[in-house]
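Here's the structure we're looking at; comments come further down.
A, B, ... follow the sequence lines: proteins, then strands. Residue 1 opens every chain.
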Amino acid sequence: MSVTNLGRAFITNTHTTTKMNLLRVKRIPAIITQRNLNVCMSVFGSDSQSLVPQKPVVRTTSTGRPNLPPKTVVDLRLVRHLEKLSLVDFGNREGIAVLEAAISQADQLSVIDTEGVEPMISVLENRCVPLSEDKVNEETLSDEVLACSHTLVDEYFVVPPGNITHTQEKEYHTNLNLT
Amino acid sequence: MNHLMGSISGATAHLKQKALSSYELCEAVIKRHEAITKLNPFITSTHKLARESASRSTERYKKGKPISPLDGIPIAIKDNFCTAGIPTTCGSKMLQNYTPPYSATVVQRLIEAGAVIIGKSNLDEFGMGSGTIDSTAGPSRNIYRSGINYKLQSTVRYPTSGLEDGDWYVTGGSSGGSAVAVAAGAAFGAVGSDTGGSVRNPASYCGVVGLKPSYGIVPRYGLISLVNSMDVPGLFGRNVDDVATLLSVVAGEDLRDSTSVPSNLQNLQLPEVPSIEGLVVGIPREYHSAGMSQEVVDIWTKIAGLMKEQGAQVREVSMPHTQYSIICYSILNPCEVASNFTRYTGVEYGLRNESGHSMEAMYALTRSTGLSEVVRGRILAGNYFLLRENKERYFNQALKVRRLISQDFEQAWSSGIDLLLTPVTLSTAIRYSEFVKTDNRSQTADQDICTQSANMAGVPAINVPVALNLDGLPLSMQLMAPWGHDASLLSTAKWIEQHVNFPRLCTIED
């Protein structure tokens, strides 16, 4: 039984109370009983039971996929496409499992009827947010900004040649074991 | 030193009376930090700068001219807020060598108020996580049952010893470093960020007050973006008045953040003795979700009953889209992340992996080296949801569901409800050994259930510690209010605080 202590009732944690402690304590700790529980609760109102639902109201874990779209399988084509768009890699099979789980969870939204509902981009949509003045800011911060980079040529940021598609090493995709 | 576990106003009073100087207070906090290093609250300690700051504060008090109620007060800053000249890493390899040339608005305002920045606190990498486990600086540990000796202000004896098997409790996340620094007396207040519950979750586990203000009233300029439409700088304190003081300093428009709005909270003063007479408190039934521990339900029931007894009208309300909030978040978060994280290329700042011979290769290798699996997973998921063939079904659908969630709140407020009372987390702090059994993505999906909706709707929400359980771990409650009603939210939170007599951590053996 879990009882939390808000009043002056004395409750003992039977795991840690020892004989020595009992002798030192002036008031003898009470053993957890239903009566103690009621005493605790009565400090804060005995008719509070009905105010808060005592059982879970919603199912947060789905047990199946009855009305949901079919489970998405992440194939090699999709992996390559996403890796190219993201310029990060899945790393290993677990990375793909994480994506599949994320898609599976996201699919649960498809059952909600959103007919006629406008997308909400910002919670401030009904408020005026300021526009900045069309004024030149006199400060030049080029030194501070350039100082953040470790690879510069004069006052230029530097990158290797572009327009070359990055491809992963061949073994990486084979090791993912995808269709 | 007992001062360290007191309030900000208590500390300021001592400073004014010259019972101690800002410098001495700073030294005491530094010493406390050294005593609790095993909790790993900070990625970067800023002791040298803190001492300089504290010295200047001491001079001001000598002249009888403190700048503000925060003058000389040690504050911790989560390491995803830019601090000029101080490394800001976001707990990631990508920014391990990044020192910003500017400070976040929140940091600037605190410094201008005379606060002493004591350190950059630990976080889950880039704010992604609910445990403060996934950081390149290693995990942070909860002070409760950590093996560090502490005493509680309580006539009831609670277990305070470390766990026998050497296990420990997580701080919660992602702002865990900030939460535990405040809980352990290594800071009087702290700044965190809350996107899905990242201030309220660790506040709950660490037994401190954690506020997520209304979206827009505290500027995000300098807060390294996670989800622009949900991120909010949040505040930690050991009591509600402290958090209100911090809020009054940091709130208010900043034109450099186009999503910041004006606020009148600069003169915020909570009533000495708040009242809840006639207040209408809603209990959203759907917040009792599967997996919630019985003791959390019990404490929710007790607090609801207490408020009713003391003059509030307490009634159940339905917020039917609650269960979809976390799913909506699991789409919108990665989508915004996928967009925001395109900035990490190694070109202008941060880690740079030179082994590729093309620009694209350099970007890809830099990002794969610098960003953890968790971060990469979110980028990939986000780009999946944003694919042309998927965007309508996932991203746009999630935006529509976001409106439905927001409307749930609107309907609650228009039915006459002033505030909502709910749990924060499903249970008390989780053992590290249990926590790591679940992957980061599933863990946040489980843990953010009660906190996430407030970010969806942009409403203010606060965590108030109310009791300890039989294992000596904190149990907390959450209050939520309509957008912009931060002052009344804080007043009611103060009322709860005054009526529950939370067994405070009062001393720690240095």
Q: Output the distance between atom CZ (B/Arg403) and atom CD1 (A/Ile121), rounded to the nearest 0.5 Å.
A: 8.5 Å
Q: Counting only heavy atoms closer than 4.5 Å, note whether B/Arg285 contacts chain A via side chain, backbone, both or neither.
A: both
Q: Mind ranking A/Leu131, A/Ile112, A/Val159, A/Leu141 by heavy-atom pairs under 4.5 Å with chain B and telling me who comes out on top?
A: A/Ile112
Q: Could you tell me whether the side chain of B/Arg402 reaches within less than 4.5 Å of the side chain of A/Val123, counting heavy atoms only?
A: yes
Q) Side chain, backbone, both or neither: which part of B/Ser406 has a non-hydrogen atom closer than 4.5 Å to chain A? A) side chain
Q | Proximity breakdown for B/Met362 and chain A, heavy-atom pairs closer than 4.5 Å | A | side chain
Q) Side chain, backbone, both or neither: which part of A/Ile96 has a non-hydrogen atom closer than 4.5 Å to chain B? A) neither
(Q) Can you confirm whether B/Tyr394 sits close enough to A/Leu109 that some side-chain heavy atom of one is under 4.5 Å from a side-chain heavy atom of the other? (A) no
Could you list the donor-acceptor pairs under 3.5 angstrom formed by side chains in residues 383-391 of chain B, with sequence neighbours left out?
unit_1	atom_1	unit_2	atom_2	d
B/Asn383	ND2	A/Ser86	OG	2.8
B/Asn390	OD1	B/Arg393	NH2	3.0
B/Asn390	ND2	B/Tyr384	O	2.8

Q) Got a second to check how far B/Leu399's CG is from A/Glu118's CD, nearest 0.5 Å? A) 10.5 Å
Q) Is it the backbone or the side chain of B/Met230 that comes under 4.5 Å from a heavy atom of chain A, or both, or neither? A) neither
Q) How many angstroms lie between CG in B/Leu351 and NE2 in A/His150, if you round to the nearest 0.5 Å? A) 9.0 Å
Q. For B/Leu380, is it the side chain, the backbone, both or neither that has a heavy atom under 4.5 Å from a heavy atom of chain A?
A. both
**Q.** Pairs of heavy atoms under 4.5 Å with chain A: top-ranked of B/Val314, B/Leu421, B/Val261, B/Leu255
**A.** B/Val314
Q. When you measure from the side chain of A/Ser149 to the backbone N and O of B/Val347, does any donor-acceptor pair fall under 3.5 Å?
A. yes
Q | Separation of A/Leu146 CG from B/Glu348 CD (nearest 0.5 Å) | A | 9.5 Å
Q.
At a 4.5 Å cut-off on heavy atoms, which part of A/Asn126 comes close to chain B: side chain, backbone, both, or neither?
A. neither
Q. Taking all non-hydrogen atoms of both residues, which atom of B/Arg376 and which atom of A/Asp89 are closest, and how far apart?
A. NE-O, 3.2 Å
Q) Measuring heavy-atom distances to chain B, does A/Asn163 have an atom under 4.5 Å in its side chain, in its backbone, in both, or in neither? A) neither
Q | Closest contact, heavy atoms only, B/Ser289 versus A/Pro56 | A | C-CB, 4.0 Å
Q: Test A/Asn92 against B/Glu373 for side chain to side chain contact (heavy atoms under 4.5 Å, CB included), laying out the working first.
A: CA-CA 10 Å; A/Asn92 49 41; B/Glu373 260 177 14; 3.5 Å; yes
Q: Using non-hydrogen atoms and a 4.5 Å limit, figure out which bit of B/Ser154 sits close to chain A: side chain, backbone, both or neither.
A: neither
(Q) Counting heavy-atom pairs closer than 4.5 Å to chain A, which one of B/Trp483, B/Trp300, B/Tyr98 comes out on top? (A) B/Trp483
Q: Select one option (side chain, backbone, both, neither) describing which atoms of B/Gln310 are under 4.5 Å from chain A's heavy atoms.
A: neither
**Q.** Proximal component of B/Asp257, with respect to chain A [non-hydrogen, under 4.5 Å]
**A.** neither
Q | Contact origin within B/Ala381 toward chain A - heavy atom pairs under 4.5 Å | A | both
Q: State, to 0.1 Å, how close B/Met359 and A/Pro160 come at their nearest heavy-atom pair, and which atoms those are.
A: CB-O, 3.4 Å
Q: Starting at CD of A/Gln105, measure out to OG of B/Ser442 and round the result to the nearest 0.5 Å.
A: 8.0 Å
Q.
Using heavy-atom distances under 4.5 Å, tell me whether A/Ala101 contacts chain B through its side chain, its backbone, both, or neither.
A. both
**Q.** Under the salt bridge (charged side-chain N to carboxylate O under 4.0 Å, His left out) test, residues paired with A/Glu94 that sit two or more places apart
**A.** none
Q) In terms of heavy-atom pairs under 4.5 Å with chain B, which of A/Glu125, A/Glu83, A/Glu133, A/Lys84 leads? A) A/Glu125
Q: Using a cut-off of under 4.5 Å on heavy-atom pairs, state which of B/Thr345, B/Ile405, B/Asn97 scores highest against chain A.
A: B/Asn97
Q. Taking atom CG of A/Leu51 and atom NZ of B/Lys308, what is their separation to the nearest 0.5 Å?
A. 5.0 Å
**Q.** Part of A/Thr114 within contact of chain B (heavy atom distance under 4.5 Å)
**A.** both
Q.
Using the rule given for side-chain hydrogen bond (donor to acceptor under 3.5 Å, both in side chains), can you reason through B/Thr301 versus A/Gln54, listing the C-alpha separation, both sets of side-chain angles and the distance that settles it, and then say yes or no?
A. CA-CA 8 Å; B/Thr301 307; A/Gln54 296 299 305; 3.0 Å; yes
Q | Contacting region of B/Gln407 [heavy-atom separation from chain A under 4.5 Å] | A | neither
Q.
Counting C-beta onward and ignoring hydrogens, is there a side-chain heavy-atom pair between B/Ile283 and A/Pro53 closer than 4.5 Å?
A. yes
Q) Between A/Leu124, A/Leu152, A/Leu85, A/Val74, which shows the greatest number of heavy-atom pairs under 4.5 Å with chain B? A) A/Leu124
Q: Among A/Val145, A/Val158, A/Val88, A/Ile164, single out the residue with the greatest number of heavy-atom pairs under 4.5 Å to chain B.
A: A/Val88
Q: Locate the shortest heavy-atom distance separating A/Leu87 from B/Glu360; write the atom from each residue and the value.
A: CD2-CG, 3.6 Å
